[in-house]
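Labels below follow one simple rule: chain letters A, B, ... track the order of the sequence lines, proteins then strands, and each chain is numbered from 1. In this text the structure is predicted, and so the values were computed from the model without any measurement. All values below were derived from every heavy atom in this structure, side-chain atoms included, with hydrogens, water molecules and symmetry-related copies excluded.
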Amino acid sequence: MIGAAPLDTAFYARPAEAVARDLLGTLIVSTVGDETTIARIVETEAYIGPHDPASHAAERIGRTSRNATMFGAPGFAYIYRSYGIHWCLNVVTDTVGFPAAVLIRAIEPVAGIETMRRRRWPDREPGPDTHIGSGPGRLGVALGITGTLDGHPLEQPPLQITAGTVVGPTRFTKGPRVGITRAMDWPLRFSIRGNPHVSR
DNA sequence: GGTCGGATCATCT
DNA sequence: GATGATCCGACCG
């Protein structure tokens with residue numbers, strides 16, 4: 001459903017694993033730069049707390065300026081710079097003082113696809129639509145997300161998440177997270193089964 | 001199809 | 001000084 005109300009704090013104020021699963025099928029509505037783009041979340045990863053060694057807020061790291069948003073209230077965007085190049089979007093979950101978040105790993109374009117194509121390929125022929133948001137760095141570009149949105153409440157423009165399509169228990173896959181070097185076997189990555197926009 | 005190296009920088013050792 | 005929740009283009013087969 002397009003135009004649904006934003007997800008509320010109660011949705012986010014749960015363990016990251018539950019939020020990661022339930023974010024599948026919901027819609028990101030971005031009005032960054034006066035252009036509206038809407039995309040369905042098709043892949044997520046949970047970073048479940050200080051005991052999660054792969055988390056930016058793992059116990060051995062503690063609270064730093066980068067991960068400060070993860071320690072705050074649920075329902076806010078945690079955005080970080082990846083490999084010095086990409087902006088990656090997370091959603092803060094659980095409770096204040098307990099750092100947990102869900103990384104959005106892939107999206108499927110729903111509206112504003114021309115804007116997304118232009119942002120992704122400004123100086124060359126557009127690639128296939130399945131490459132617009134099939135990865136955390138890619139979807140950041142497509143939706144116009146930058147570090148200035150770190151700490152932004154996701155119930156407000158210009159970046160919101162609203163209810164979308166309910167993804168049933170047999171229509172998603174759960175498996176190991178991608179690109180990490182610790183806790184590589186923890187099954188905290190969720191994706192819509194068979195969706196061509198999933199990163200892998 | 002697959003593998004490899006470069007880009008680029010905030011954060012941490 | 002090294003690392004990393006990545007991506008892309010080049011090259012190989």
Under the salt bridge (Lys or Arg N to Asp or Glu O under 4.0 Å) definition, can you give me all pairs with a residue in [range], not counting sequence neighbours?
{"range": "residues 10-24 of chain A", "answer": "A:Arg14-A:Asp22, A:Glu17-A:Lys174"}
{"range": "residues 61-85 of chain A", "answer": "none"}
{"range": "residues 123-136 of chain A", "answer": "A:Arg117-A:Asp129"}

Q: Give the first and the last nucleotide of DNA chain C, reading 5' to 3', that has any atom under 4.0 Å from a heavy atom of chain A.
A: C:dG4 to C:dG9
**Q.** Contiguous pairing runs of three or more, Watson-Crick or G-U under 3.5 Å, that involve DNA chain C
**A.**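 So the stems come out as B:1-7 with C:6-12, B:9-12 with C:1-4.
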Q: Could you tell me which residues satisfy side-chain contact (heavy atoms from CB on, under 4.5 Å) with A:Ser134, sequence neighbours excluded, listed by chain and number?
A: A:His131, A:Arg138
Q: Return the set of residues passing side-chain contact (heavy atoms from CB on, under 4.5 Å) with A:Val91 (not counting sequence neighbours), or none when no residue passes.
A: A:Tyr12, A:Leu23, A:Ile104, A:Leu154, A:Ile161
Q | Contact pattern, 5' to 3', of nucleotides 2-8 of chain B - B, S or - by protein heavy atom under 4.0 Å | A | -----BB
Contact list for DNA chain C against [range] - heavy-atom distance below 4.0 Å:
{"range": "residues 184-200 of chain A", "answer": "none"}
{"range": "residues 50-67 of chain A", "answer": "A:Ala54, A:His56"}
{"range": "residues 128-138 of chain A", "answer": "A:Gly135, A:Pro136, A:Gly137, A:Arg138"}

Q: Please list all pairs passing the side chain to side chain donor-acceptor pair (under 3.5 Å) test where one or both residues lie in residues 88-111 of chain A, with sequence neighbours left out.
A: A:Glu43-A:Arg105, A:Arg105-A:Ser199, A:Glu108-A:Asn195
Q: Report yes if the side chains of A:Glu35 and A:Met116 come closer than 4.5 Å at any heavy-atom pair, otherwise no.
A: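 No. Closest side-chain heavy atoms not under 4.5 Å.
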